[in-house]
Amino acid sequence: MMQPSFQSASPYKDNVLALPVIDIEVAADWYSKHFGMIEVERHDVPYPAVILERDGVQIGFAVNGGDPAQEGAAIRVCNIDGIKAELESYGVEVANIRVDQRDGEKFNVFFVVAPDGLCYYFNEPVAG
């Protein structure tokens, strides 16, 4: 079995490096503790923002006036069962894995809604 890892991240709307949050410190702390990410960049202009990284995949958060409940990201992973178990071990509430079909491909997927309201669609292509 492959080591659980993030492979890529794509935004639902605009920019996976500027997902809207209310408090940059709370976001940086929560995603570090619960998604296993580390801070790689921070700035205050044009608005407070932080970029976190895991397995070479970057996701950013910004106090940019956006509505977190209307945003999120699709995160492609390797070893979705391992990622799910890891997130649960960090206390993250995780939906059950299901199979989705898009463009003729099948994906194992599950959702996480973070405390800030951002929604994450974890997905891995079904082998075979």
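Keep in mind that this is a model prediction, so the values were computed, not measured.
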For this session: Using the test ring pair (Phe, Tyr, Trp, His ring centres under 6.0 Å), find all partners of Phe111 that sit at least two apart in sequence or belong to another chain.
Result: Tyr121

Problem set entry | Partner residues of Phe35 under the ring pair (Phe, Tyr, Trp, His ring centres under 6.0 Å) criterion, sequence neighbours left out | Trp30, Tyr31, Tyr120, Phe122

Let me confirm one number: the [atom1]-[atom2] distance from [X] to [Y], rounded to the nearest 0.5 Å.
X      : Y      : atom1 : atom2 : answer
Arg98  : Phe110 : CZ    : CZ    : 12.0 Å
Ile22  : Asp67  : CD1   : CG    : 8.0 Å
Glu124 : Arg76  : CD    : CZ    : 9.0 Å
Ile51  : Arg42  : CD1   : CZ    : 11.0 Å
Asn64  : Asn15  : CG    : CG    : 9.0 Å
Ile75  : Phe6   : CD1   : CZ    : 4.5 Å

Quick one: does any side-chain atom of [X] pair with a main-chain N or O of [Y] as donor and acceptor, under 3.5 Å?
X      : Y      : answer
Asp55  : Val57  : no
Asp103 : Glu105 : no
Asn108 : Ile80  : no

Exercise. Who passes salt bridge (charged side-chain N to carboxylate O under 4.0 Å, His left out) against Lys106, sequence neighbours left out?
Worked result: none

For this session: Go through the steps to decide whether Val26 and Asp116 satisfy the test side-chain contact (heavy atoms from CB on, under 4.5 Å), and finish with yes or no.
Result: CA-CA 9 Å; Val26 170; Asp116 54 26; over 6 Å; no

For this session: Take Asp100 and Asn123 through the side-chain contact (heavy atoms from CB on, under 4.5 Å) test and state the conclusion after the steps.
Result: CA-CA 9 Å; Asp100 278 1; Asn123 65 90; over 6 Å; no

For this session: Measure the shortest side-chain to side-chain distance between Ile59 and Leu19 over non-hydrogen atoms and say whether it is less than 4.5 angstrom.
Result: yes

Exercise. What do you reckon, is CD of Glu88 surrounded by more than 12 foreign heavy atoms closer than 6.0 Å?
Worked result: yes

